[in-house]
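Letters A, B, ... are given to chains in the order of the sequence lines, protein chains preceding strands, and every chain is numbered from 1.
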Amino acid sequence: KCYSVILGSCGKNGKDTMKVLEILEEMQSLGLRPNVYTFTICIKILGRAGKVDEACALMRQMKEEGCKPDVVTFTTLMNAFCKAGRLDEARELLNEMRRSKCRPDCVTYNTLIHKYGHLGDVGTVCKLWEEMEADGCEPDVFAFTTLIHALCTAGKVEEAFGVLDKMVKKGVSPNLYTYNSLIGGLLKRKRLEKAQNLLQVMRVHGCEPTSFTYNFFFDYYVKEAQFNEAYQLFLQMKRKGIAPDVVSFNICIEGLGEAGKVREAKDLFEEMRLVGLSPDNITYNMMIRCYGKAGKVDKAIEIFLEMMENGCNPDETTANSLLDILYKAGRADEAWKMFDEIQQMGVSPSVVTYNILVNGLGKSGNIKEAVELLDEMKAKGCP
RNA sequence: GCCCGCGGUACUUUCUC
């Protein structure tokens with residue numbers, strides 16, 4: 001039990017994921033038998049770090065040691081599969097649960113519904129929802145919100161409000177997440193006034209909007225190139241004592257960059273640091289794109305260097321953006337150099353990477369090389 | 001037999017076409 005707590009906090013740190021396996025071994029060498037809780041925590045930590053196969057292996061191990069996985073264990077592993085996009089295996093897990101007469105519960109269904117929602121597969125979402133109800137699960141706020149979010153993602157806002165009615169009738173009160181999802185759905189459909197009304201409604205119901213809430217509006221405004229309104233919103237937040245967060249700035253920087261307002265984007269980029277916020281990967285990636293689009297390739301590279309200086313690890317998007325920019329600027333040599341560097345930084349090329357390269361090669365008439373690259377991609381089983 | 005404690009799910013921003 002004590003170890004479970006330690007493991008739990010270990011996982012929250014997010015670092016040294018593989019250490020959990022060491023700790024697990026240490027427990028066993030001390031003659032302690034990890035219980036379901038212990039295993040489940042470990043599976044969660046591994047899953048969150050994307051080590052799904054390791055998580056899977058751990059599940060097998062616990063079975064071999066005579067420790068029966070329960071609903072929570074199954075659901076945890078299922079979530080890991082979902083996050084990794086390995087839906088078939090997640091579904092198979094559901095079947096396995098049913099076979100081993102371990103009843104899936106509300107959370108189990110929710111996990112799957114959430115994933116299908118993100119994929120925009122409303123059909124499967126509804127089917128799973130029915131299965132859930134047929135299984136005797138009473139949906140809670142989480143479940144309803146997940147369903148609402150799925151519908152909003154698919155642009156079906158009316159239906160989402162229908163679900164809102166249903167949940168209220170069943171005595172389940174919407175919470176901040178529920179309202180946020182609905183506001184996001186409304187703004188996605190450009191229903192600004194309705195979204196603003198809902199903002200009032202949620203306050204009345206005791207849900208104070210957070211930066212998440214406001215960020216939906218920022219996103220709407222900048223994508224509509226309504227920068228003044230975005231600025232007004234910023235002032236409004238200030239009055240209410242809600243601080244914009246990194247994402248708020250990111251959204252606005254991206255919007256300005258997209259509109260070709262490089263100078264203003266750069267100003268915001270500086271301003272966020274003045275208010276004590278550190279740019280994250282996404283901020284840097286956006287600034288790189290912003291300069292790239294404006295044809296300021298060297299500026300983009302400058303940002304890239306600054307990013308590393310500030311201890312931000314370049315990711316796949318960073319690499320792809322730079323590749324794209326360099327290629328389009330006709331600086332193919334540098335692009336190829338980057339391609340090698342990327343892999344040395346532990347970032348693996350994705351389909352997008354190859355698309356950029358194949359595209360670039362094709363345009364410059366190097367059809368042969370492009371075909372070779374495609375073969376290489378297939379051979380590597382590129383994600 | 002009962003009670004309590006430890007594990008799972010939901011909201012916002014970036015790359016090619």
- If you take atom types as modelled and just measure distance, does the side chain of A:T38 reach the base of B:G7 with a donor-acceptor pair under 3.5 Å? no

- Do the side-chain N and O atoms of A:D70 and A:T73 include a donor-acceptor pair separated by under 3.5 angstrom? yes

- Give the rounded distance in Å between these two atoms: OH of A:Y214 and P of B:C11. 21 Å

- Could you tell me whether A:E96 and A:R91 make a salt bridge, using a distance below 4.0 angstrom between a side-chain N and a carboxylate O? no

- Which part of the nucleic acid, if any, lies within reach of A:K83 when heavy atoms closer than 4.0 Å are counted: base, sugar-phosphate only, or nothing? sugar-phosphate

- Task: Describe the nucleic acid contact of A:T76 in one word from base, sugar-phosphate, nothing, applying a heavy-atom distance below 4.0 Å.
- Result: sugar-phosphate

- Message: Using a heavy-atom cut-off of 4.0 Å across all strands, would you classify A:V36 as base, sugar-phosphate, or nothing?
- Response: base

- Within the stacking criterion (centroid distance below 5.5 Å, interplanar angle below 30°), does A:Y37 stack on B:G7? no

- Item | A:N35 (side chain) and B:G7 (base): donor-acceptor pair under 3.5 Å | no

- Is A:K188 touching bases, backbone alone, or none of the nucleic acid, heavy atoms closer than 4.0 Å? nothing

- Non-neighbouring partners of A:E372 that pass side chain to side chain contact (heavy atoms under 4.5 Å, CB included), sequence neighbours left out: A:K368

- What is the distance, rounded to the nearest whole Å, between atom CG of A:D70 and atom C1' of B:C6? 12 Å

- Taking only residues at least two apart or on different chains, which pairs with a member in residues 155-181 of chain A satisfy salt bridge (Lys or Arg N to Asp or Glu O under 4.0 Å)? A:E158-A:R191

- Verdict with supporting geometry, A:E89 and A:R86, side-chain contact (heavy atoms from CB on, under 4.5 Å): CA-CA 6 Å; A:E89 286 151 294; A:R86 291 160 64 166; 2.8 Å; yes

- Task: With heavy atoms under 4.0 Å as the rule, sort A:T146 into base, sugar-phosphate or nothing.
- Result: sugar-phosphate

- Whole-Å distance, A:L46 CG to B:G7 P, equals 18 Å

- Note on the structure: Closest to the side chain of A:V107, out of B:G8, B:C11, B:C17, is B:G8

- Note on the structure: Contacts of A:E302 meeting side chain to side chain contact (heavy atoms under 4.5 Å, CB included) (sequence neighbours excluded), chain-then-number -> A:K299

- Query: Whole Å only: how far is the CG atom of A:L93 from the C1' atom of B:G8?
  - Reply: 12 Å

- Task: Examine B:G7: is either OP1 or OP2 under 4.0 Å from a nitrogen or oxygen in the side chain of A:K44? Give yes or no.
- Result: no

- Message: Can you measure A:L164 atom CG to B:C11 atom C1' for me and round it to whole angstrom units?
- Response: 14 Å

Pairwise N/O distances under 3.5 Å, protein to nucleotides 12-15 of chain B:
unit_1 : atom_1 : unit_2 : atom_2 : d
B:U12  : O2     : A:N215 : ND2    : 2.5
B:U13  : O2     : A:N250 : ND2    : 2.9
B:U14  : O2     : A:N285 : ND2    : 2.9
B:C15  : O2     : A:N320 : ND2    : 2.6

- Rounded to whole angstroms, how far apart are CG on A:L112 and P on B:A10? 12 Å

Donor-acceptor pairs under 3.5 angstrom involving side-chain atoms of residues 328-336 of chain A: please list them, not counting sequence neighbours.
unit_1 : atom_1 : unit_2 : atom_2 : d
A:K328 : NZ     : A:D324 : OD1    : 3.1
A:K328 : NZ     : A:D324 : OD2    : 3.3
A:R331 : NE     : A:E334 : OE2    : 2.7
A:R331 : NH1    : A:D298 : OD1    : 3.4
A:R331 : NH2    : A:D298 : OD1    : 3.2
A:R331 : NH2    : A:E334 : OE1    : 3.1
A:R331 : NH2    : A:E334 : OE2    : 3.3
A:W336 : NE1    : A:Y327 : OH     : 3.0

- Task: Could you note down all residue pairs passing ring-ring contact (aromatic ring centres under 6.0 Å, His included) where residues 102-123 of chain A supplies at least one of them, sequence neighbours left out?
- Result: A:H114-A:H118, A:H118-A:H149

- Query: Roughly how many Å is it from NZ in A:K68 to C1' in B:G7, rounded to a whole number?
  - Reply: 18 Å

- Query: Over how many whole Å does the gap from A:F39 atom CZ to B:G8 atom P extend?
  - Reply: 17 Å

- Query: Checking only heavy atoms, does the side chain of A:N110 share a donor-acceptor pair with the base of B:G8 at less than 3.5 Å?
  - Reply: no

